[in-house]
Amino acid sequence: MTLLTFRFAPSPNGELHLGHAYSALLNQQMAARADGRLLLRIEDIDITRCTPEFEAGIYRDLKWLGLAWEEPVRRQSEHFSEYKAVLDRLIAEELVYPAFMSRGEIRAFIAEAGKRGRDWPRDPDGVPLYPPLDRALSVKERKRRIAENASFAWRLDVDAAMARVSGALSWTEFTDGTMVATHTVEARPQSWGDVIVARRDIPTSYHLAVVVDDALQSVSHVVRGQDLYAATGVQRLLQELLGLSPPRYFHHRLILGPDGRKLSKSLKDTGLAALRDAGTSPQEIRRLVGL
Ligand code: GLU
């Protein structure tokens with residue numbers, strides 16, 4: 001039987017909080033029950049916001065919680081050339097295009113659409129979809145702008161991409177800790193519009209790096225927060241385009257703050273380091289997150 005493989009994949013752009021503790025401990029618990037592997041992956045492609053101090057904090061907090069993982073840890077920032085090779089395939093297949101509009105231009109376009117009585121569609125996070133203008137630019141015009149050093153991002157042409165998919169696009173969600181009960185969820189990547197797949201200076205995005213790495217590391221079970229549920233649709237589409245076999249998913253409940261909202265990395269009092277400094281024990285952390 002092949003080993004089940006789990007991973008916890010934090011971004012070192014802030015301190016870990018109770019929500020991360022829940023996710024990490026749940027991965028640990030499921031991996032242990034399945035006698036499987038537990039990987040830690042550092043998702044540090046955003047080189048402006050990720051810092052060595054936050055990364056060191058992740059190792060410190062997770063060790064304190066009692067987590068053990070396989071070495072070496074994969075740090076995404078060390079693998080840009082691998083993501084670039086995958087991006088080049090998408091470029092060659094004309095599934096991505098350079099998108100040049102600035103935030104201000106997008107806002108102006110949407111305001112204009114509003115004046116014409118058009119309620120511009122938004123993605124599941126409430127962000128307006130990217131306007132279709134750049135998708136229609138000629139190859140000559142794209143080249144001209146790139147040569148002029150215009151800033152741009154590579155965006156997925158979601159309609160072209162969906163046209164490549166034969167049959168229904170879905171994923172398997174397992175619904176409890178036994179990993180046996182499952183149901184099929186329809187993937188709806190179109191609800192995100194033409195998402196960013198890479199930047200001019202960084203040849204990947206969260207979505208691209210996550211699907212490449214989950215496949216490369218033979219992750220069989222992705223256990224992560226409910227906040228990434230809808231995003232799984234985009235990741236399923238990328239997996240189809242790249243011929244990667246998908247893991248199963250379990251999107252767990254979120255740990256909410258006292259105000260009933262999702263915890264953020266700036267909420268100091270739910271930070272694991274602050275709780276530890278205040279004398280909280282790892283056992284109490286488990287209890288606090290309901291494990
Ligand atoms: N790096 C992502 C985060 O910290 C998690 C990605 C994932 O689990 O797929 O939110």
Side-chain angles (χ1 to χ4, degrees), residues 4-31 37-51 53-59 61-62 65 67 69 73-80 83 124-125 127 171-174 185 187 189 192 195-198 202 204-239 242 244 246-256 261-267 270-272 289:
L4 303 194
T5 302
F6 296 77
R7 74 351 180 237
F8 176 57
S11 297
N13 57 9
E15 287 174 17
L16 296 191
H17 54 56
L18 284 175
H20 298 104
Y22 180 57
S23 205
L25 290 167
L26 206 55
N27 270 287
Q28 180 197 43
Q29 195 181 73
M30 289 187 169
R37 305 166 63 203
L38 179 60
L39 309 179
L40 172 65
R41 184 165 75 223
I42 300 294
E43 301 210 323
D44 58 349
I45 58 169
D46 185 349
I47 46 182
T48 56
R49 289 173 62 223
C50 295
T51 69
E53 290 75 25
F54 286 135
E55 187 176 333
I58 289 176
Y59 301 132
D61 292 348
L62 294 180
L65 279 178
L67 233 76
W69 53 85
V73 167
R74 184 173 172 90
R75 301 174 69 243
Q76 291 186 326
S77 59
E78 292 171 353
H79 299 276
F80 285 147
Y83 307 127
D125 285 344
V127 178
W171 77 84
T172 303
E173 181 86 17
F174 52 106
V185 183
W192 296 93
V195 290
I196 292 180
V197 169
I202 298 179
T204 187
S205 61
Y206 157 61
H207 289 305
L208 189 65
V210 95
V211 300
V212 168
D213 286 357
D214 283 340
L216 196 89
Q217 298 188 292
S218 306
V219 171
S220 61
H221 289 70
V222 169
V223 176
R224 62 184 180 189
Q226 187 73 39
D227 50 340
L228 290 170
Y229 187 86
T232 310
V234 175
Q235 296 174 18
R236 280 295 298 114
L237 178 55
L238 288 173
Q239 287 159 350
L242 298 169
L244 307 173
R248 293 181 165 210
Y249 293 88
F250 176 51
H251 292 95
H252 59 69
R253 67 183 163 84
L254 298 179
I255 305 290
L256 302 177
R261 295 173 57 172
K262 200 178 128 181
L263 298 180
S264 87
K265 287 187 173 170
S266 54
L267 258 180
T270 55
L272 296 183
V289 298

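Note that these values count all heavy atoms, side chains included, but never hydrogens, waters or copies made by symmetry. Every number for a ligand or one of its atoms is a count from 1 in the order of the listing.
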### Query
With under 30° as parallel and over 60° as perpendicular, where do the rings of His251 and Tyr249 fit, or are they tilted in between?
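The arrangement is parallel - the two ring planes meet at less than 30°.
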### Nearest neighbour of atom 5 (C) of ligand 1 from the list Gly19, Gly225, Ala9, on a heavy-atom basis
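Residue with the shortest heavy-atom distance to the ligand atom: Ala9.
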Which of the ligand 1 atoms, numbered from 1, are nearer than 4.0 Å to a heavy atom of [X]:
{"X": "Val210", "result": "9 (O)"}
{"X": "Glu43", "result": "1 (N), 2 (C), 5 (C), 6 (C)"}
{"X": "Arg224", "result": "7 (C), 8 (O), 9 (O)"}

### Message
Under the rule for side chain to side chain contact (heavy atoms under 4.5 Å, CB included), what residues qualify as partners of Ser218, not counting sequence neighbours?
### Response
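Per chain and number, Ser218 pairs via side chain to side chain contact (heavy atoms under 4.5 Å, CB included) with no residue.
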### Query
Under a heavy-atom criterion of less than 4.0 Å, does Tyr206 contact ligand 1?
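Under 4.0 Å: yes for Tyr206.
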### Query
Is the shortest distance from a heavy atom of His20 to ligand 1 less than 4.0 Å?
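Outside the 4.0 Å threshold, so no.
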### Task
Give the intermediate values and the outcome of side-chain contact (heavy atoms from CB on, under 4.5 Å) for residues Leu254 and Tyr22.
CA-CA 9 Å; Leu254 298 179; Tyr22 180 57; over 6 Å; no
### Query
So, Arg7 and Gln217: side-chain donor and acceptor under 3.5 Å apart, yes or no?
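There is no such pair (donor and acceptor under 3.5 Å, judged by atom type) between the side chains of Arg7 and Gln217.
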### Task
Give the contacting part of Arg7 toward ligand 1: side chain, backbone, both or neither, where contact means a heavy-atom distance below 4.0 Å.
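It is the side chain that touches ligand 1; the backbone stays farther off.
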#### Entry: Where Trp171 and Glu173 come nearest, the two heavy atoms and their spacing
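Smallest interatomic distance, heavy atoms only, reads NE1-OE1, 2.8 Å.
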### Query
Looking only at heavy atoms, what is the nearest atom pair of Gly19 and Ile255, with distance?
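Of all heavy-atom pairs spanning Gly19 and Ile255, the closest is CA-CG1, 3.9 Å.
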